[in-house]
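Note that the coordinates shown come from a computational prediction; the quantities given were computed from them, not determined experimentally.
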Amino acid sequence: MKWQGRQGSSNVEDARGSGGGFSGGGSPMVIGGGGMGCLGVIAMIIFMLMGGNPGDLGGVLGGDPSQQEQTQDNGATSGGSGSQDNPFETGNVKKEAEQVDTKTEQSLDERGQFASVVLKDTEDVWHELFKKYDRTYTEPKLVLYTDGVRSGCGNASAQMGPFYCPTDQKVYIDLSFMDELDKKFNAPGDFAMAYVIAHEVGHHVQNELGILPKFHQLRNQLSETEYNKYSVAVELQADYLAGVYAKHAQEMGYTDEDDLEEAIKAAHAVGDDTIQEKAIGRANPDTFTHGSSADRMKWFKKGYEAGDLSEGDTFKALGLEF
């Protein structure tokens, strides 16, 4: 991906090394509490790989479901005024981390700038598309952190990986996740990470369109199995929206076919069936919350081919009333 020397977003908050972590008690989110076991490990890996909303994790791992629902509903319906920053301002990553190791910091800074450029690209894409639908796009913030962070949806560990919090309209990323994609999930390349960022921004787009609030209202109305089906639809739609972004990035001359393959490979790597089969040797579709590898690749490609919102109704495609 061609990103060096290009304009970054002004909506990046760098909390790396700034003491934004948390202690184990008192959080509405329980991470690893009570021993996780195989299913807990699977759940953690799935959330680690493109979690969407950290409020979901506590229920999966044994947290207080009522507390999680309150966190989610408040976040999904809060809306907010969004950023007041000039979207055309040249952005600089607001760095707070202390200089500890020069080589390491240089690498982290480069990743931060990369994330900033990708975020700026998503801003350009969604401003343009929202304008075509006579809507105004509110830009999300991107928070870079290490180890742990306190978000509007509760505390989160870096083990969760990237996530979007609708309460504060921010995407949270520990950039060491790039190493996870490369080494543990065999999905290397900068555009693999761009896909991850675009997927999380896709959740913000869903929030802007009122999809996330409607989805979260279903939690107490459906069985876990049925709710999981809607969760899959939400995640596949975010993959679709990441594909829309990728199409525009290609049209702007920033990517090539190799970059597209990096994103598709990453989409395959984070499929529920692939993760579950690696963890316990088999997959259980009733427990899928993000979609199979085949479906994740399919919907990313579909978004790439469409280049707009016209073909992105994953709920209808899965036979779900929404």
Side-chain angles (χ1 to χ4, degrees), residues 29-66 68-69 72 156-157 159-164 177 180-181 184-187 195-196 199-200 202-203 206 211-212 215-216 218-240 242 264-302 313-322:
M29 179 193 317
V30 180
I31 297 180
M36 295 175 60
C38 286
L39 291 179
V41 170
I42 292 171
M44 174 60 95
I45 294 174
I46 291 173
F47 275 89
M48 181 184 74
L49 281 173
M50 304 247 311
N53 188 338
D56 289 339
L57 189 58
V60 175
L61 299 183
D64 182 349
S66 62
Q68 296 304 325
E69 179 62 20
Q72 283 189 324
S157 164
Q159 291 175 305
M160 275 183 60
F163 66 89
Y164 171 69
F177 184 70
E180 299 290 314
L181 279 175
K184 291 188 177 181
F185 301 99
N186 194 29
Y195 154 74
V196 171
H199 173 100
E200 299 305 332
H203 285 310
Q206 291 172 314
I211 295 170
L212 287 190
F215 164 62
H216 288 144
L218 296 174
R219 175 173 288 279
N220 293 327
Q221 303 174 23
L222 302 172
S223 67
E224 182 179 355
T225 298
E226 287 300 308
Y227 187 76
N228 285 346
K229 294 178 181 178
Y230 281 87
S231 177
V232 167
V234 167
E235 296 299 332
L236 294 181
Q237 189 174 72
D239 284 332
Y240 175 92
I264 293 173
K265 193 171 185 178
H268 179 275
V270 297
D272 286 335
D273 53 340
T274 297
I275 293 172
Q276 290 185 4
E277 286 168 3
K278 286 183 178 180
I280 60 174
R282 59 185 176 82
N284 181 0
D286 286 342
T287 66
F288 288 1
T289 57
H290 289 62
S292 68
S293 292
D295 283 341
R296 300 202 71 166
M297 291 189 296
K298 170 187 172 181
W299 282 98
F300 173 81
K301 291 178 182 178
K302 195 167 185 177
D313 192 347
T314 53
F315 299 94
K316 183 179 180 179
L318 296 181
L320 302 174
E321 294 184 5
F322 191 69

(message) According to side chain to side chain contact (heavy atoms under 4.5 Å, CB included), who are the partners of Ala233, at least two apart in sequence or on a separate chain?
(response) Thr314, Phe315, Leu318, Leu320
Partners of [X] by side-chain hydrogen bond (donor to acceptor under 3.5 Å, both in side chains), sequence neighbours excluded?
| X | result |
| --- | --- |
| Lys298 | none |
| Gln237 | Gln206 |
| Glu226 | Lys229 |
| Asp273 | Ser293 |

Kindly compute the distance separating [atom1] ([X]) from [atom2] ([Y]), expressed to the nearest 0.5 Å.
| X | Y | atom1 | atom2 | result |
| --- | --- | --- | --- | --- |
| Thr274 | Lys278 | OG1 | NZ | 6.5 Å |
| Lys302 | Met297 | NZ | CE | 15.0 Å |
| Phe322 | Asp313 | CZ | CG | 9.0 Å |

(request) Could you list the residues that satisfy ring-ring contact (aromatic ring centres under 6.0 Å, His included) with Tyr230, not counting sequence neighbours? (result)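 By the ring-ring contact (aromatic ring centres under 6.0 Å, His included) rule, Tyr230 matches no residue at all.
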Looking only at heavy atoms, what is the nearest atom pair of [X] and [Y], with distance?
| X | Y | value |
| --- | --- | --- |
| Phe177 | Gly161 | CD1-CA, 4.4 Å |
| Leu236 | Trp299 | O-CB, 3.6 Å |
| Tyr195 | Ala242 | CD1-CB, 4.0 Å |
| His203 | Ala238 | CE1-CB, 3.6 Å |
| Gln276 | Phe288 | OE1-CE1, 3.6 Å |

(request) Could you tell me whether the side chain of Val196 reaches within less than 4.5 Å of the side chain of His199, counting heavy atoms only? (result) no
(message) Quick check on side-chain contact (heavy atoms from CB on, under 4.5 Å): which of Asp272, Thr289, Asp286 does Asn228 satisfy it with?
(response) Thr289
(message) Other residues, nucleotides and ligands only: do more than 12 of their heavy atoms fall within 6.0 Å of CD on Glu277?
(response) yes
